[in-house]
Amino acid sequence: MSGVRSIRLSLSLPAVSQTLWFSSGSVRLQKTGNYSDLVGKPATNFSSDSFPDKLEYLYHQPDIDVASTRPSVRLTPSTMLYTGRSADGLHMMRSAQYLQKELPVRVAHRIAGFRALPFIIACNPTLMGIQELYVRSFKILSGLPNIKDSDAERAFCRVLKSLLEDHKDVVTLLARGFKDSQRYIVKRKTKHRKVFADFMDHSDVQNFLDRMLTSRLGIRMLAEHHLALHADHDNYVGIIQTDFSLTEITTQWANFCRRLCEHTYGVSPNIELDGHLNITFPYIPLPLNYMLPELLKNALRATVELHRQRYKNNFNSHQLPDVVITLASNESHFMVRISDRGGGIPTEHMDKIFHYNFSTASASSGAQALDAIVESGNQGTGPMHGYGFGLPTCKAYAEYLGGSLTLENMLGIGCDVYLKLRHIDAGQDSFRI
């Protein structure tokens, strides 16, 4: 099959918006009152509070303590698909009532995760700002009246939309907060345990961020699914596309990344698609809209930077080998393989490529610019320029969705990345959101 063609696009680099809730205003949450009045308003400003007041607000919340002990009720995508429509419209009420009970529990679990961080890391201003946002979100959700009619359901939808907007930069802020806290993260705590009592083991960071990011993805998917149930699209039930085409979404992101690579570097490799190109099945596009551009960006960047360095002044697009994407599907899984000729990953880095805050990308302005533009197209699903969150986030998402992300490295040649995901109608083996 011929390469996926690109169109030249003249773009100005967007200014990536960064938000810190400490500086955005002053709203104190009381233990009683109508928390729905706080929707759309900025979170608490601690600038005039004493440090004990901050800790009181973040750590002394008995209702959060209780909610964090309750188990979450995770749904299979097939349940969401087959209960997402009803002739009497009651599916909207059932969905809203489920979310009203479920979301505060999941938010409380994440607050408990923040509370379990070593104190010196939890006190990082950016991470405290995220925890504050989650506490505020819990108060808003748990303070809403019970949903008993369509008016209450519509009001609940407005709350969901506002909270989704509030949380859109959380992943970038997490990346920044943990990058700023690197000096307090150690490889092992087995030696000199007393010295490292307030430090954090690297594996604990991985576990915290894996849970944080996958929980956030699950919450976002559930909330957006409910909002999307109001739309009447023939080929969608909520966020589930009933005739999902792996070829179509891959081609879309291949063209997008090629245009941006060409804009950033002046050239781009061709992208060739092969394999099972005519398959369709029900699936949720949302997580793939983060994972595919992240993986493709890495392949294109590695290919361009290697060959630009190799040929120097004689470099041109004709010297770039294709990036090849192979698609495959069986009864239980579907797979995407991305093969590049970007030279591979140095052996000493192989054990770190799925670590948060580690990146093999160069510090060149081109690499940073490409990351920034890809991030701007990710619609709140992830970061990532300059933080090294891309591959580990993709891996965490893939495993959360019942699949895997693996990499085969051929040093001096290139990399093959294998993204394997489970079908949503894979019977008892289906994953849960």
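Predicted model, so just to flag it, every value in this text is computed and none were measured. Only heavy atoms go into these numbers, but all of them, side chains included; no hydrogens, no water, no symmetry mates.
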**Student:** Output, in order, the C-alpha distance, side-chain angles, deciding distance and verdict of side chain to side chain contact (heavy atoms under 4.5 Å, CB included) for Val304 and Thr264.
**Tutor:** CA-CA 11 Å; Val304 171; Thr264 303; over 6 Å; no
**Student:** His109: which residues meet the ring pair (Phe, Tyr, Trp, His ring centres under 6.0 Å) condition with it, sequence neighbours left out?
**Tutor:**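 Scan of His109 (ring pair (Phe, Tyr, Trp, His ring centres under 6.0 Å), adjacent residues dropped) gives none.
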**Student:** Determine whether Leu160 and Leu103 make a side-chain contact, defined as any pair of heavy atoms from C-beta on separated by less than 4.5 Å.
**Tutor:**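 In short, these two side chains touch, coming nearer than 4.5 Å.
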**Student:** Any chance CG of Asn278 has more than 12 other-residue heavy atoms, nucleotides or ligands included, within less than 6.0 Å?
**Tutor:**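 Atom CG in Asn278 is not crowded, with 12 or fewer foreign heavy atoms closer than 6.0 Å.
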**Student:** Partners of Ser215 by side chain to side chain contact (heavy atoms under 4.5 Å, CB included), sequence neighbours excluded?
**Tutor:**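 For Ser215 the side chain to side chain contact (heavy atoms under 4.5 Å, CB included) partners, ignoring immediate neighbours, are Arg110, Ile219.
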**Student:** List, one per line, each side-chain donor-acceptor pair under 3.5 Å for residues 401-413, sequence neighbours excluded.
**Tutor:**
residue : atom : partner : partner atom : Å
Asn409  : OD1  : Ile345  : N            : 2.7
Asn409  : ND2  : Ile345  : O            : 2.8

**Student:** Taking all atoms of both residues into account, what is the closest heavy-atom pair of Ile353 and Leu391, and its distance?
**Tutor:**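 In this case the closest contact between Ile353 and Leu391 is O-CB, 3.7 Å.
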**Student:** Suppose we screen for ring pair (Phe, Tyr, Trp, His ring centres under 6.0 Å). Which residues come up paired with Phe138, at least two apart in sequence or across chains?
**Tutor:**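 Expected list: none.
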**Student:** Between the side chain of Ser162 and the main-chain N/O of Arg158, is any donor-acceptor distance below 3.5 Å?
**Tutor:**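 A pair under 3.5 Å: no.
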**Student:** Any donor-acceptor pair under 3.5 Å linking the side chain of Gln206 with the backbone of Phe354?
**Tutor:**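 Here the side-chain-to-backbone pair exists.
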**Student:** Given the rule in the side-chain hydrogen bond (donor to acceptor under 3.5 Å, both in side chains) test, do Ser78 and Thr76 qualify, once you have shown the distances and angles that lead to the verdict?
**Tutor:** CA-CA 5 Å; Ser78 56; Thr76 63; 3.1 Å; yes
**Student:** Step by step, would you call Asp180 with Leu127 a side chain to side chain contact (heavy atoms under 4.5 Å, CB included)?
**Tutor:** CA-CA 10 Å; Asp180 292 343; Leu127 298 180; over 6 Å; no
**Student:** Quick one: does any side-chain atom of Tyr98 pair with a main-chain N or O of Val73 as donor and acceptor, under 3.5 Å?
**Tutor:**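 At least one qualifying donor-acceptor pair exists.
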**Student:** Any donor and acceptor pair, going by atom type alone, linking the side chain of Arg337 with main-chain N or O of Asp416 inside 3.5 Å?
**Tutor:**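 The answer is no, because no donor-acceptor pair under 3.5 Å joins these two groups.
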**Student:** For Val170 versus Arg216, what's the shortest heavy-atom pair and its separation?
**Tutor:**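 For Val170 versus Arg216, the nearest heavy atoms are CB-NE, 3.7 Å.
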**Student:** Using the six-membered ring wherever Trp is involved, compare the ring planes of His202 and His355 and label them parallel, tilted or perpendicular (cut-offs 30° and 60°).
**Tutor:**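 The arrangement is tilted - the two ring planes meet at 30° to 60°.
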**Student:** At what distance, to the nearest 0.5 angstrom, does CZ of Arg310 lie from CG of Leu306?
**Tutor:**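 If we round to the nearest 0.5 Å, Arg310:CZ and Leu306:CG are 4.5 Å apart.
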**Student:** Met80 vs Val237, test: side chain to side chain contact (heavy atoms under 4.5 Å, CB included). Steps then yes/no.
**Tutor:** CA-CA 8 Å; Met80 296 165 62; Val237 176; over 6 Å; no
**Student:** Leu246 and Met335: which non-hydrogen atoms are nearest, and at how many Å?
**Tutor:**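 What the structure gives for the nearest pair is CD2-O, 4.1 Å.
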**Student:** Look at the rings of Phe334 and His423 and say which category their plane angle falls in: under 30° parallel, 30 to 60° tilted, over 60° perpendicular.
**Tutor:**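 Ring orientation of Phe334 relative to His423: tilted.
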**Student:** What distance separates Asp322 CG from Asn270 CG, expressed to the nearest 0.5 Å?
**Tutor:**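 Reported to 0.5 Å precision, the distance equals 5.0 Å.
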**Student:** Between Leu288 and Tyr283, is the side chain to side chain contact (heavy atoms under 4.5 Å, CB included) condition met? List the steps.
**Tutor:** CA-CA 10 Å; Leu288 281 167; Tyr283 202 70; 3.9 Å; yes
**Student:** Establish, yes or no, whether a centroid distance under 6.0 Å links the rings of Tyr356 and Phe178.
**Tutor:**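 They do not qualify: ring centres at least 6.0 Å apart.
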**Student:** Side-chain contact, heavy-atom cut-off 4.5 Å: Arg74 with Phe431?
**Tutor:**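 Side-chain contact under 4.5 Å: no.
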**Student:** Check the pair Arg115 / Asp65 against salt bridge (charged side-chain N to carboxylate O under 4.0 Å, His left out), numbers first and verdict last.
**Tutor:** CA-CA 11 Å; Arg115 291 176 174 179; Asp65 297 339; 2.4 Å; yes
**Student:** Please lay out, stage by stage, how Arg301 and Glu305 fare under the test salt bridge (charged side-chain N to carboxylate O under 4.0 Å, His left out).
**Tutor:** CA-CA 6 Å; Arg301 177 173 56 199; Glu305 293 199 343; 5.4 Å; no
**Student:** Who pairs with Phe156 by ring pair (Phe, Tyr, Trp, His ring centres under 6.0 Å), at least two apart in sequence or on another chain?
**Tutor:**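 Once residues adjacent in sequence are excluded, Phe156 has no partner under the ring pair (Phe, Tyr, Trp, His ring centres under 6.0 Å) criterion.
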**Student:** Report the distance from atom CD1 of Ile240 to atom CE of Met221, rounding to the nearest 0.5 Å.
**Tutor:**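 The CD1 atom of Ile240 sits 9.5 Å away from the CE atom of Met221.
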**Student:** Write down the atom of Val105, the atom of Arg70, and the distance for their closest heavy-atom approach.
**Tutor:**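 That closest heavy-atom pairing would be CG1-O, 3.3 Å.
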**Student:** Apply salt bridge (charged side-chain N to carboxylate O under 4.0 Å, His left out) to the pair Lys395 and Glu399, showing each step before the final yes or no.
**Tutor:** CA-CA 6 Å; Lys395 186 174 188 290; Glu399 293 173 356; 2.7 Å; yes
**Student:** Is it true that the side chains of Asn235 and Thr242 contain a donor and an acceptor less than 3.5 Å apart?
**Tutor:**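 Side chains of Asn235 and Thr242: no pair found under 3.5 Å.
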**Student:** Considering residues at least two apart in sequence or located in another chain, which fulfil the salt bridge (Lys or Arg N to Asp or Glu O under 4.0 Å) criterion with Lys420?
**Tutor:**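 For Lys420, no residue satisfies salt bridge (Lys or Arg N to Asp or Glu O under 4.0 Å) once neighbours in sequence are set aside.
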**Student:** Give me the ring orientation class for Phe114 and Tyr134: parallel if the planes are under 30° apart, tilted from 30 to 60°, perpendicular past 60°.
**Tutor:**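 Correct class here is tilted.
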**Student:** Can you establish whether the number of heavy atoms outside Arg341 located under 6.0 Å from its atom CZ is more than 12?
**Tutor:**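 It does not: Arg341 CZ has 12 such atoms or fewer within range.
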**Student:** Can you find a heavy atom in the side chain of Ile249 that is under 4.5 Å from one in the side chain of Asn289?
**Tutor:**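 Contact flag for Ile249/Asn289 side chains = yes.
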**Student:** I'd like to know whether CG of Asp351 has more than 12 heavy-atom contacts from other residues, nucleotides or ligands below 6.0 angstrom.
**Tutor:**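 Yes, because the 6.0 Å sphere around CG of Asp351 holds more than 12 heavy atoms from other groups.
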**Student:** Has Glu248 got more than 12 heavy atoms of other residues, nucleotides or ligands less than 6.0 Å from its CD?
**Tutor:**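 Atom CD in Glu248 is not crowded, with 12 or fewer foreign heavy atoms closer than 6.0 Å.
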**Student:** Are any non-hydrogen side-chain atoms of Ile284 and Phe244 less than 4.5 angstrom apart?
**Tutor:**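 Answer no - side chains too far apart.
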**Student:** Is the shortest heavy-atom distance from the side chain of Asn255 to the side chain of Arg259 under 4.5 Å?
**Tutor:**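 Yes. Closest side-chain heavy atoms under 4.5 Å.
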**Student:** Between the side chain of Gln241 and the main-chain N/O of Pro285, is any donor-acceptor distance below 3.5 Å?
**Tutor:**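 Checking the backbone N and O of Pro285 against the side chain of Gln241, no donor-acceptor pair under 3.5 Å is found.
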**Student:** Return the minimal non-hydrogen interatomic distance between Ser181 and Gly177, and the atom names on each side.
**Tutor:**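 Here Ser181 and Gly177 meet closest at OG-O, 2.9 Å.
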**Student:** Taking side chain as C-beta onward, heavy atoms only, is Glu294 less than 4.5 Å from Tyr397?
**Tutor:**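 When only atoms from C-beta onward are counted, Tyr397 and Glu294 do not touch, as no gap falls below 4.5 Å.
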**Student:** Just wondering, do Leu295 and Val336 contact through their side chains at under 4.5 Å, heavy atoms?
**Tutor:**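 SC-SC contact between Val336 and Leu295 ruled out.
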**Student:** If you measure from OG on Ser245 to CG on Leu277, what distance do you get to the nearest 0.5 Å?
**Tutor:**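 Going from the OG atom of Ser245 to the CG atom of Leu277 covers 9.0 Å.
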**Student:** Is there a side-chain contact between Leu419 and Ile338 in this structure, where contact means two heavy atoms from C-beta onward sitting under 4.5 Å apart?
**Tutor:**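 A side-chain contact under 4.5 Å is absent here.
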**Student:** Quick check for you: to the nearest 0.5 Å, what is the distance between Asn124 atom CG and Gln131 atom CD?
**Tutor:**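 Spacing of CG (Asn124) from CD (Gln131) equals 11.5 Å.
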**Student:** To the nearest 0.5 angstrom, please state how far the CE atom of Met200 sits from the CD atom of Gln182.
**Tutor:**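 So the CE of Met200 and the CD of Gln182 are separated by 11.0 Å.
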**Student:** Shortest non-hydrogen contact from Leu163 to Ser137?
**Tutor:**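 For Leu163 versus Ser137, the nearest heavy atoms are CD2-OG, 3.8 Å.
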**Student:** Does a donor on one side chain and an acceptor on the other come within less than 3.5 Å for Ser95 and His225?
**Tutor:**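 No, no side-chain donor-acceptor pair sits under 3.5 Å.
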